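These notes are about the structure you will find just below.
We count residues from 1, following the sequence as given. These numbers were taken from a predicted model, which means no experiment stands behind them.
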Amino acid sequence: MERDYDRRMRVAYQDLHDDLRRALEKAGLEPGRADLCARLIAEPSRDGVHSHGLNLFPRLFKMMRAGVVDVAATPVRVSAHLGFERWDGRRGVGALNAHHSMATAIALARAHGIGCVALANTNHWMRGGTYGWQAADAGVIGICWTNTLPNLPPWGASDPRVGNNPLVIAVPRAEGHVVLDMALSQFSYGALAAYRMRGELLPVPGGFDTRGDLTRDPAEIEASRRPLPIGFWKGSGLSLTLDMIAALLSGGRATHQIAVDPEGETGLSQIFLAFDVASLSDPRAVDSVVGAILDHARQPTGDGTRVRYPGERTIETRRQNVIDGIPVDPSVWEFVLNV
């Protein structure tokens, strides 16, 4: 059945947040943690990233009920050296662990100019961009990434051996932060599912079908488990090196050690970096440099095509959904209401 997020039912942000909080409390989270976790799930949907917001909640809830995600666990610091700290996520709620890790990296950056938190033994962080926005809202440059289960064939192979390891880079800016949030496959599995649910083809080829041919059909790519890495062999190489760094710095698992079942995906390794640019230069100079770069990149094109910067569409979608309500998948919304 074809689905269109612009035409489906809409829910006010506060209602979405409150019902998620209620469901999370039923799953066993204490009220304060349930409130924050609800926000970390609702905000991606508010910003138009449905695949990594509300639509991921049923999977998270099932993993909580199965004990794969420990709702009572909070991260503990394992070691520290100046601006670098290593933490154990204790298989707690991934979004809460990630939010805590970026907050810690920001605090370290305030003290040292740069902060790095390496987090082992954690779970899916929902939308990675959330922690980029968190950093930029605090006025720091943020960089973070996670490894994943093996869901992407390395270049030259046909079976999944590396992860699509989402990478986030955020730069603060008074007129609107610049936030790059990308998986290392041309389309994340969440994005493939979203296109399939809407009955749409991908705008460009996103992977191979079961016959080994490039395709724009998201269902074919899901069936073959052969998404296309960004930049072909370059994306494949970036996936490998990000996995190495995350596992080495955190002392945690690498992709090949992570279960291949999405509902058993746990023990992830993640890195959170923060740079306090205000301690390095006049904050006004930051806006001046970033603004000049964007102004140059966004000069009018000959055919009138609008050039966007990373995060610009998110800001526009957020404003509209706050006014109109957040589009939700009725079946997922019903799942939340029936918890």
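Y131 contributes a side-chain N or O that, together with a main-chain N or O of W125, makes up a donor-acceptor pair within less than 3.5 Å. Remark: the backbone N or O of G92 is paired with a side-chain donor or acceptor of N123 at under 3.5 angstrom. Distance alone, capped at 3.5 Å, places no donor-acceptor pair between the R313 side chain and the R308 backbone. A donor-acceptor pair under 3.5 Å is formed between the side chain of T104 and the backbone N or O of H100. Checked by atom type and distance alone, the side chain of N151 pairs as donor or acceptor with a backbone atom of N164 at under 3.5 Å. Between the side chain of D47 and the main chain of T314, no donor-acceptor pair closer than 3.5 Å is present. Put simply, the side chain of R33 gets close to the backbone of V71: a donor and an acceptor are under 3.5 Å apart. Side-chain N or O atoms of R86 include one that pairs as donor or acceptor with a backbone N or O of L249 at under 3.5 Å. With hydrogens and angles ignored, the 3.5 Å screen pairs no side-chain donor or acceptor of E25 with any backbone N or O of R22. The closest donor-acceptor contact from the side chain of T122 to the backbone of L268 lies at 3.5 Å or more, if one exists at all.
For E175, the CD atom is loosely surrounded, since the number of other residues' heavy atoms within 6.0 Å does not exceed 12. Within a 6.0 Å sphere centred on CZ of R306, heavy atoms belonging to other residues, nucleotides or ligands number more than 12.
With a 4.5 Å cut-off on side-chain heavy atoms, E265 and I258 count as touching. Side-chain contact between P153 and P227: present, with at least one pair of heavy atoms (C-beta onward) separated by less than 4.5 Å. Between F187 and V204, the closest side-chain pair of non-hydrogen atoms falls below 4.5 Å. Counting heavy atoms from C-beta on, the side chains of F208 and L228 come closer than 4.5 Å. Between Y189 and R225 the shortest side-chain heavy-atom distance falls below 4.5 Å. Inter-residue side-chain proximity for M64 and V93 is flagged as met; some heavy-atom pair is nearer than 4.5 Å. The shortest distance between side-chain heavy atoms of W145 and N165 does not fall below 4.5 Å. Between H124 and M63 the shortest side-chain heavy-atom distance does not fall below 4.5 Å.
Listed here is the closest heavy atom pair of L201 and P218: CA-CD, 4.3 Å. In terms of heavy atoms, S250 sits closest to A246 at OG-O, 2.7 Å. Contact record, R173 with V290: CD-CG1, 3.6 Å, taken as the closest heavy-atom pair.
H52 contributes atom NE2, which lies 8.0 Å from atom CG of D181 (distance to the nearest 0.5 angstrom). The CZ atom of R216 lies 10.5 Å from the CD atom of E200; values are rounded to the nearest 0.5 Å. Atom CG of L149 and atom CD of E263 lie 12.0 Å apart (nearest 0.5 Å). Expressed to the nearest 0.5 Å, how far CG of L20 lies from CH2 of W333 amounts to 6.5 Å.
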Apply the test side chain to side chain contact (heavy atoms under 4.5 Å, CB included) to residues T301 and V307: give CA-CA distance (whole Å), side-chain angles for both, the deciding distance (0.1 Å), then the verdict.
CA-CA 8 Å; T301 62; V307 177; 3.9 Å; yes
With side chain to side chain contact (heavy atoms under 4.5 Å, CB included) as the test, would you mind laying out the steps for C144 and M102 before giving the verdict?
CA-CA 8 Å; C144 55; M102 183 54 83; 4.2 Å; yes
Could you walk me through whether R91 and D70 satisfy the salt bridge (charged side-chain N to carboxylate O under 4.0 Å, His left out) test, starting with their C-alpha distance in whole Å, then the side-chain angles of each, then the deciding distance to 0.1 Å, before giving a yes or no?
CA-CA 6 Å; R91 302 207 178 184; D70 185 345; over 6 Å; no
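Between R284 and D287 there is no salt bridge, since none of the side-chain N atoms of the basic residue sits less than 4.0 Å from a carboxylate O of the acidic one.
Of the N and O atoms on the side chains of R10 and N321, at least one donor lies less than 3.5 Å from an acceptor on the other residue.
Side-chain heavy atoms closer than 4.5 Å link hydrophobic residues (I, L, V, M, F, W, Y) into clusters, and following such links, possibly through other members, connects I326 to L56.
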Side-chain donor/acceptor pairs under 3.5 Å, residues 39-46, sequence neighbours excluded:
unit_1 : atom_1 : unit_2 : atom_2 : d
R39    : NH1    : E43    : OE2    : 3.2
S45    : OG     : L54    : N      : 2.9

